[in-house]
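Below: one structure, written as C-alpha cells.
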Amino acid sequence: MPEEQPYYGKHGEPRKHDPTFKGPIYNRGCTDIVCCILFIICILGYFAVGILAWSQGDPRKVIYPTDSRGQFCGQAGTPLEKKSLLFYFNIMKCASPMVLLEFQCPTTQMCVEKCPDKFMTLLKAYTNKEDFKYYKNFCKEGLEGLTVTQILSSGLCPAMLMPSKPFTRRCFPALGQKKGGEITVGNNSKFDDGEGNIRDAKDLLAGVKNATVVIEARQVAMKIFEDYTQSWYWILIGLVIAMLVSLLFIILLRYLAGIMVWVMIVMVILVIGYGIFHCSMEYVSLKSEAGSNVTLKDLGFQTDFSVYLHIRQTWLAFIIILAIVEIIIILLLIFLRNRILIAIALIKEASRAIGHVMSALFYPLFTFALLSMVIAYWAVTAVFLSTSNQPIYKVFNETACDHSRKICEPANFSTSSMKAECPDSKCLFAFYGGETVYHKYLIGLQFYNVFLFFWCANFVTALGQMTLAGAFASYYWAFVKPDDMPAFPVFSSLGRSLRYHTGSLAFGSLILSIVQIIRVLLEYIDHKLQGTQNKCTKFLLCCLKCCFWCLEKFIKFINRNAYIMVAIYGKNFCTSAKDAFFLLMRNMIRVAVLDKVTDFLLFLGKLLIVGLVGIFAFFFFSGRVKAFENTAPNLHYYWVPILTVVVGSYLIAHGFFSVYAMCVDTLFLCFCEDLERNDGSPARPYYMSASLNDILLENKAVEEREEPTQSSPHQPDDQDVQLKQ
C-alpha cells in the first residue's frame with residue numbers, strides 16, 4: 001500500500017494526516033518536571049517565609065500610634081489600653097525639616113486618654129492644686145518633690161497646653177480662622193508658650209503641617225472608609241446588577257449573536273455620545289461660576305477630589321477623551337465592517353461551544369477565589385515582614401551636637417555621655433529596624449514575597465487558561481457534537497492540567513513573572529531618580545520601561561497560545577510555544593481578521609456593560625435624579641462608590657467575557673490546525689462545524705482580495721504538490 005502523501009502547508013512544511021487524532025490527547029505524560037519541582041520547592045519556601053514573618057512581625061505597629069518609648073497607644077490588654085491618643089509635648093518642634101526626612105518629631109510624645117481642651121502653662125498650673133492635677137495627665141511619672149525648673153529640664157512635662165482635637169489618633173492644636181483670615185487656636189489669636197513668650201497662633205501652622213505630612217492621606221482614607229460604610233450595600237446591589245446584565249448578555253449572545261453584536265456596537269456609540277453631551281452641559285454650566293477657569297496645573301493636588309469637578313478644564317478633558325474614543329471606534333467599524341461579519345460568525349460558534357460547556361461560565365469564580373487567596377497571603381505576609389523590626393531610638397536635639405541622630409538606649413540615656421555632652425538632647429523612638437541576620441536580609445524576604453506573589457498569581461491565571469482551552473478543544477475536535485465530548489469537559493481538563501502539566505504552567509508563569517518583577521524594579525528606580533535632571537537617564541529608563549511593557553504583552557500572547565497547544569497535544573511548554581507561534585505566523589491574516597476583531601467586539605461588550613452600570617451609579621450616588629435624592633446615602637465623595645461599582649463591573653464583565661475570549665482563541669487555533677491537517681475530503685474531513693466552514697470560505701475570499709497572487713493555504717495547487725513530491 002503506497003505511503004500517504006504529506007500535506008504541504010502554506011510555507012512548505014509537511015504535515016501528515018493522522019486519522020487517529022480526536023482532539024486533546026488522553027494518553028500523555030508529565031511535562032517540564034524540573035520546573036514543577038522548582039515551583040514546589042519555592043512554594044514550600046514561601047510558606048516558610050510566611051511562618052517566619054508571622055512569628056516575628058507585629059501588625060500593631062501600623063494600627064496604633066507609637067509613643068517615645070515605642071509603646072502602642074490604645075493597645076488592648078496593656079496599661080495604655082485607655083490611652084489611645086498620642087500627645088506632642090511641643091508641636092512647634094515638628095516644623096523641623098528633619099520631620100520630612102525621618103518622619104519623627106524631635107519632641108517627647110506620650111499616650112493620653114484625651115487631648116487637652118484648655119490653655120495652661122506649667123508655671124501657672126504648678127501653683128494651683130486642681131490645675132496641676134489636670135496637667136499631670138499630660139506628664140510623665142516622677143513629678144513628686146520637683147520644682148518647675150527641674151520638671152522642665154528633665155523633660156517630664158510640656159511647658160504649656162493648648163486646646164487640641166484628635167485627628168488620626170493624634171492630638172493637634174484646634175486651629176481655626178476668623179472672617180478676616182486671622183488664624184486662631186481655641187478662639188484666641190495668641191497664646192503663652194510657657195517660656196514667657198506670647199506667640200501668634202499662625203506659628204503653629206508649620207508644626208501642624210509637618211507633623212501630619214506622613215498621615216495626611218489618612219484623612220482622605222478615613223472619609224473614603226466612612227463612605228464605604230454608608231454605601232456598601234448599594235455597591236453590592238450595583239455589582240449584582242452588573243453580574244445579571246453580564247449573564248443576560250452572554251445568554252443573548254448564545255441565541256442572538258449577530259443581532260446582539262450590532263446592538264452592542266450601537267449602544268456603545270450612544271453611551272459615549274451621551275457622555276460627551278453630559279460633559280459638554282457641565283462645561284457650559286460652569287462658565288458663569290467663579291473660580292471655574294482655574295487650570296488643573298494651578299490647582300495642584302487636592303485631597304478633596306470633588307474640587308476638580310468644579311473646574312471647567314476637567315470636563316473639557318473628559319470631552320476630548322470621550323470624543324477621541326468615539327472617533328476611533330467609528331473609524332474601526334468603517335474599515336473593519338466586512339471582517340466584523342466574519343468575526344460575528346466566530347462568536348456564534350463560540351456561543352455554541354459555551355452552550356455545550358456551560359460550567360465554563362462559572363470557572364472564573366474558582367480562579368477569583370484562588371487569586372483572592374494568593375493576594376491575601378501576600379498582603380498578610382508583607383504586613384508581618386514590614387512590622388517585624390525592633391524599635392530603634394535616636395538622639396534628637398535642637399542645637400548642634402556630635403551625637404545627633406545616633407542610636408541610643410532610653411533606659412540609661414539620662415546618665416550617658418551623650419546626654420552629658422548634649423544637655424538639651426532627648427533619646428526618642430525613631431523607627432523600627434534591627435541589626436540581626438534576620439533584619440539584614442529582610443529586604444530580600446520582601447523581594448521574595450513579591451516575586452512569589454507574581455509567580456503564584458500568573459500560575460493561577462495560566463491554570464484557568466489551560467483548563468478552559470482543554471474543555472473547548474474537546475468540543476471542537478468532537479466529530480459528532482456533543483456525543484463525542486467527555487461528560488464533564490471542564491473538570492477533566494482541570495485534572496489533566498494539574499496532573500500532567502503543572503511544570504509547564506509553572507514554566508510559562510515563571511518567565512512572565514521575571515519580566516514583571518523587572519518592570520517593578522524599573523518603576524522603583526524611576527521613582528528614586530525623579531529628583532534628578534539627567535535627561536539621558538530619564539530617556540534610557542523610559543525606553544527600558546516601554547520595551548519590557550511590550551515584552552510582557554508578547555509573552556502573555558505566547559503563553560496563552562502555548563497553553564492551548566499543551567492542553568491539546570500534551571507536549572512541553574517550549575515545544576508548544578514554538579508550534580503555536582509558527583502556526584499563528586502561517587495564518588497571520590486570519591489572526592487579524594478573526595481573532596483580533598473578535599477581541600475588539602468582546603471589549604466593546606465589556607465597555608457597554610461598564611458604561612450602563614456606571615451611568616446608573618452616577619445618577620444614583622450623585623443625587624442628580626430626584627427619585628433617588630432621598631434614597632442615596634450622604635457621602636463625602638460620591639465618586640468613591642461610583643468608581644468601585646465601575647471597577648467591579650468591569651472585573652465581573654471581564655470574568656464572563658474572558659471565557660468567551662478563551663473560547664474564541666482556542667477555536668481559532670484549532671481552526672488553523674484543522675485547516676493544515678485536513679482538506680475537507682471524505683478521507684480527511686474537517687472537524688469544524690458547518691458555520692465555521694462558512695467562515696473559511698468568507699475568510700478565503702477576503703484573503704484573495706488582499707493577496708490575489710497567493711494560493712489558498714489549505715488547498716495547494718496540483719502543480720505545487722507535484723513539484724514538492
Side-chain angles (χ1 to χ4, degrees), residues 168 217-252 264 267-268 270-279 281-282 285-286 302-311 314-315 318 321-322 325 361-362 364-369 371-373 375-376 379 603-658:
T168 63
R218 293 190 181 182
Q219 181 181 14
V220 178
M222 290 298 295
K223 289 183 178 180
I224 291 175
F225 179 76
E226 291 175 5
D227 288 345
Y228 277 126
T229 59
Q230 294 291 328
S231 60
W232 64 270
Y233 46 91
W234 295 110
I235 293 175
L236 288 180
I237 292 175
L239 296 180
V240 171
I241 292 174
M243 184 181 67
L244 295 177
V245 172
S246 300
L247 189 59
L248 177 63
F249 202 89
I250 294 295
I251 295 173
L252 292 176
M264 173 186 68
M267 288 291 292
V268 168
L270 291 178
V271 168
I272 296 177
Y274 176 78
I276 296 174
F277 171 76
H278 178 76
C279 293
M281 295 298 295
E282 292 286 347
S285 64
L286 290 173
Q302 300 292 326
T303 55
D304 186 1
F305 294 103
S306 61
V307 173
Y308 295 106
L309 299 180
H310 297 281
I311 305 300
T314 302
W315 295 103
F318 290 157
I321 293 172
L322 291 176
V325 173
L361 286 176
F362 302 97
L365 297 177
F366 177 67
T367 301
F368 176 77
L371 284 176
S372 299
M373 293 172 60
I375 294 172
F603 172 74
L604 289 183
K606 290 186 282 188
L607 197 65
L608 175 62
I609 293 173
V610 172
L612 291 175
V613 178
I615 289 175
F616 173 78
F618 173 77
F619 282 110
F620 179 80
F621 289 109
S622 63
R624 301 295 178 93
V625 179
K626 292 184 178 180
F628 301 138
E629 192 173 1
N630 297 326
T631 307
N634 295 321
L635 305 171
H636 297 288
Y637 310 122
Y638 66 80
W639 52 263
V640 170
I642 294 175
L643 284 181
T644 305
V645 170
V646 167
V647 174
S649 300
Y650 178 81
L651 293 177
I652 292 172
H654 178 73
F656 283 101
F657 280 90
S658 64

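Values below: all heavy atoms of this structure, side chains included; hydrogens, waters and symmetry mates excluded.
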Sequence neighbours excluded, the answer for side chain to side chain contact (heavy atoms under 4.5 Å, CB included) partners of I276 is I272, S280, I319, L322, A323, E326
What residues form a side chain to side chain donor-acceptor pair (under 3.5 Å) with T644, not counting sequence neighbours? Y228
Going by side chain to side chain contact (heavy atoms under 4.5 Å, CB included), name the residues that satisfy it together with L248, two or more places apart in sequence or in a different chain. L252
ring-ring contact (aromatic ring centres under 6.0 Å, His included) between F657 and F603, worked out: CA-CA 8 Å; F657 280 90; F603 172 74; over 10 Å; no
If you measure from CD1 on I321 to CZ on F318, what distance do you get to the nearest 0.5 Å? 7.0 Å
Please list, chain by chain and in numerical order, all residues satisfying ring-ring contact (aromatic ring centres under 6.0 Å, His included) with F656, sequence neighbours excluded. none
Over all heavy atoms of both residues, which pair between I652 and M243 is shortest? Give the atoms and the distance, please. CG2-CA, 3.7 Å
Heavy-atom closest pair, residues G238 and V613: O-CG1, 4.0 Å
Could I get the full list of side chain to side chain contact (heavy atoms under 4.5 Å, CB included) partners for I237, not counting sequence neighbours? W234, I241
Quick one: closest heavy-atom pair of I609 and S246, and the distance? CD1-OG, 3.5 Å
Could you pull out the closest heavy-atom pair between S649 and V610, with the gap in Å? C-CG2, 4.1 Å
Could you grab the distance from atom CD of E282 to atom CZ of F277, nearest 0.5 Å is fine? 10.5 Å
State which residues pass ring-ring contact (aromatic ring centres under 6.0 Å, His included) with F366; sequence neighbours excluded, sorted by chain then number. Y363
Hey, what do you get for CZ (F368) to CG (L651), rounding to the nearest 0.5 Å? 8.0 Å
Could you check whether the rings of H278 and F618 sit parallel, tilted or perpendicular, using 30° and 60° as the cut-offs? perpendicular
Contact check, side chains of L612 and M267, non-hydrogen atoms, under 4.5 Å: yes
In terms of the angle between their ring planes, are F619 and Y274 parallel, tilted or perpendicular, with boundaries placed at 30° and 60°? tilted
I need the minimum non-hydrogen distance between A617 and V645, along with the two atoms involved. CB-CG1, 4.1 Å
